[in-house]
2 protein chains.
Amino acid sequence: MTDYNIKIENVVASTKLAEEFDLTKIEAEFEGAEYNKQKFPGLVYRVSNPKAAFLVFTSGKVVCTGAKNVDDVHTVIADMAKKLNGIGIDTLEKPDITVQNIVASADLKAVLNLNAIAIGLGLENIEYEPEQFPGLVYRIDEPKVVVLIFSSGKLVVTGGKSPENCEEGVEVVRQQLDNMGLL
Amino acid sequence: MTDYNIKIENVVASTKLAEEFDLTKIEAEFEGAEYNKQKFPGLVYRVSNPKAAFLVFTSGKVVCTGAKNVDDVHTVIADMAKKLNGIGIDTLEKPDITVQNIVASADLKAVLNLNAIAIGLGLENIEYEPEQFPGLVYRIDEPKVVVLIFSSGKLVVTGGKSPENCEEGVEVVRQQLDNMGLL
DNA sequence: TCTTAATTTAAATACCTATTTAAATAGCTT
DNA sequence: AAGCTATTTAAATAGGTATTTAAATTAAGA
């Protein structure tokens, strides 16, 4: 299977770092933290190196997004736990980290006729409303991902739970386009 | 072909004067220069003798508008390059200047019945909504210009890439009105 | 009362709209 | 008198459009 410049662009993960958090205290101690309960129940905190953003909830659960790969997710979450410990907040040892969504980009290096593709792929799994959005939306059953197909040949794969999901999604699209003689 | 007081009123041209510009520096050095990045990505700078206005971009590209003829465009652009050199900014030698749009006015010296003209010219190339705008909008295919026709007999020709475009546009209108017995 | 939707965060992709500048013309409103 | 309506055109940027996903809370609808 050729690479097609598949690149993971965003990893979203969730975990539980404590039994509960006092978000008002965290907002006070973490520079840049945003907590506006009327607007959203979570506290927003952004970090760099690696770059990521956290949604922190009173339940002790945490959502981490923006990382470029799964390793970075583990790094920033560990950093986050350390930083919380630094202000006197205990966190769970070895939290169970679950990757919930991966977004990847790819490039088939070909100009695609999206109208022909829409007809060839059939209407059940696709949406193509060029007036609304220039990409063709293709929902795959296995792996269960959504692929945005652009006329430039570029793809966006989203919904993956692992990097392999995204790669397989690209391969499914490539094969189908090849079988239809549209690639 | 009679003149009909055709007068060029505005010439818009674009060119590239450098590989890049530091707009903050230019704004600081050029009195009257306006650069508000939130509002518009270009720096606005107005000059006189000849009168014109520049939009200057970080890419080194420049839009010049407001000049009354093509010669003035070349004059003010050369002046602009000199002024930039004066504050220590190098500019390209002999920049390629492209005239992008010319607006001209003309006077058929007759009172026109715009309703009759709208019917006579046919609906495909015209728009006439007097509640919205008093001029009849007439889009010509060749030359590719747009002529605003007013009941006073005055015309505005816009979209021309050369003075000849505008003159030909006036002639097309004059002939069609003459053929329809409306002039 | 239950269900659904929205809110927020990040990211790639690509197309659209709007922004700003100048000028003539002429009708309307403030 | 000033501003709007409409027309044209380059330049570059921002925001919107769409997709996915966790988390917790609120609002609206049935």
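Reckoned from all heavy atoms, side chains included, excluding hydrogens, waters and symmetry mates. Chain letters run A, B, ... following the sequence lines, proteins first and then strands; every chain starts at 1.
Atom NZ of B:Lys37 has 12 or fewer neighbouring heavy atoms from other residues, nucleotides or ligands inside a 6.0 Å radius. Environment of NZ in A:Lys16: crowded, with over 12 heavy atoms of neighbouring residues, nucleotides or ligands closer than 6.0 Å. Residue-environment remark: CD (B:Gln175) exceeds the threshold of 12 foreign heavy atoms within 6.0 Å.
Among pairs with a residue in residues 140-158 of chain B, none fulfils side-chain hydrogen bond (donor to acceptor under 3.5 Å, both in side chains), at least two apart in sequence or across chains. Applying the side-chain hydrogen bond (donor to acceptor under 3.5 Å, both in side chains) test to every pair with at least one member in residues 106-125 of chain A, sequence neighbours left out, gives these pairs: A:Asn5-A:Lys109.
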So which protein nitrogen or oxygen atoms get under 3.5 Å of nucleotides 3-7 of chain D's nitrogens or oxygens?
residue, atom, partner, partner atom, Å
D:dT5, O3', B:Gln132, NE2, 2.9
D:dA6, OP1, B:Gln132, NE2, 2.6

Between the protein and nucleotides 26-29 of chain D, which nitrogen or oxygen pairs are less than 3.5 angstrom apart?
none

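Using a 4.0 Å cut-off on heavy atoms, the residues of residues 41-78 of chain A that approach DNA chain C are A:Val44, A:Arg46, A:Lys51, A:Ala53, A:Leu55, A:Thr65, A:Gly66, A:Lys68, listed by number. Near DNA chain D, meaning a heavy atom under 4.0 Å away, there are no residues from residues 19-31 of chain B.
In this entry the distance linking CD1 of A:Ile117 with P of C:dA14 reads 14 Å, nearest Å. The CD1-P distance, from A:Ile102 to C:dA10, rounds to 18 Å in whole Å. Protein atom NZ of A:Lys109 is 13 Å distant from nucleotide atom P of C:dT13, rounded to whole Å. Separating the CG atom of B:Asn10 from the P atom of D:dT8 is a distance of 14 Å, rounded to the nearest angstrom. Residue B:Tyr128 contributes atom OH, which lies 11 Å from atom C1' of C:dA26 at whole-angstrom precision. A:Asp96 places its CG atom 15 Å from the P atom of D:dA22, with the value rounded to the nearest Å. In this entry the distance linking CZ of B:Phe40 with C1' of D:dT9 reads 12 Å, nearest Å. To the nearest angstrom, C1' of C:dT21 lies 14 Å from CD of B:Gln100.
Between B:Leu182 and B:Leu112, the shortest heavy-atom contact is O-CD2, 3.9 Å. Looking at every heavy atom in both residues, A:Val73 comes nearest to A:Ala67 through CG2-CB, 3.6 Å.
Closest to the B:Lys154 side chain, of the nucleotides C:dT7, C:dA24, C:dT25, is C:dT25.
B:Phe21 is listed as a side-chain neighbour of B:Val62, based on a closest heavy-atom distance under 4.5 Å. Counting heavy atoms from C-beta on, the side chains of A:Val76 and A:Cys64 come closer than 4.5 Å. The shortest side-chain heavy-atom distance between A:Leu17 and A:Ile77 falls under the 4.5 Å cut-off.
Considering CD1 of A:Ile117 and CD1 of A:Ile126, their distance stands at 9.5 Å, rounded to 0.5 Å.
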Which pairs of donor and acceptor atoms, one on a side chain in residues 39-59 of chain B, lie under 3.5 Å apart (sequence neighbours left out)?
residue, atom, partner, partner atom, Å
B:Arg46, NH1, B:Glu34, OE2, 3.1
B:Ser59, OG, B:Lys61, N, 3.3

Cut-off 3.5 Å, no hydrogens considered: what does the side-chain donor-acceptor table look like for residues 81-101 of chain B, sequence neighbours left out?
residue, atom, partner, partner atom, Å
B:Asn85, ND2, B:Ala81, O, 3.3
B:Asn85, ND2, B:Ile89, O, 2.9
B:Asn85, ND2, B:Thr91, OG1, 3.1
B:Gln100, OE1, B:Lys161, NZ, 3.4
B:Gln100, NE2, B:Ser14, OG, 2.6
B:Asn101, OD1, B:Gly159, N, 2.8

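Residues passing the side-chain contact (heavy atoms from CB on, under 4.5 Å) test with A:Pro134: none are found, sequence neighbours excluded. In this view, B:Glu129 satisfies the salt bridge (Lys or Arg N to Asp or Glu O under 4.0 Å) rule with no residue, not counting sequence neighbours.
Using a 4.0 Å heavy-atom cutoff across all strands shown, B:Thr98 reaches no nucleic acid atom at all.
Follow the hydrophobic side-chain contacts under 4.5 Å out from A:Ile8 and you never reach A:Val12; the two are in separate clusters.
Using a 4.0 Å cut-off, some side-chain N or O of B:Ser152 falls inside it from OP1 or OP2 of C:dA26.
At its two ends the helix from C:dT1-D:dA30 to C:dT30-D:dA1 runs along axes set 120° apart, each axis drawn from five pairs and the angle rounded to 10°.
When each of B:Gly135 and B:Asn101 is assigned the nucleotide of DNA chain C bearing its nearest heavy atom, the one mapping closer to the 5' terminus is B:Asn101.
Under the 4.5 angstrom side-chain criterion for Ile, Leu, Val, Met, Phe, Trp and Tyr, the cluster partners of A:Val103 are A:Phe133, A:Val137, A:Val146, A:Leu148, A:Phe150, A:Val156.
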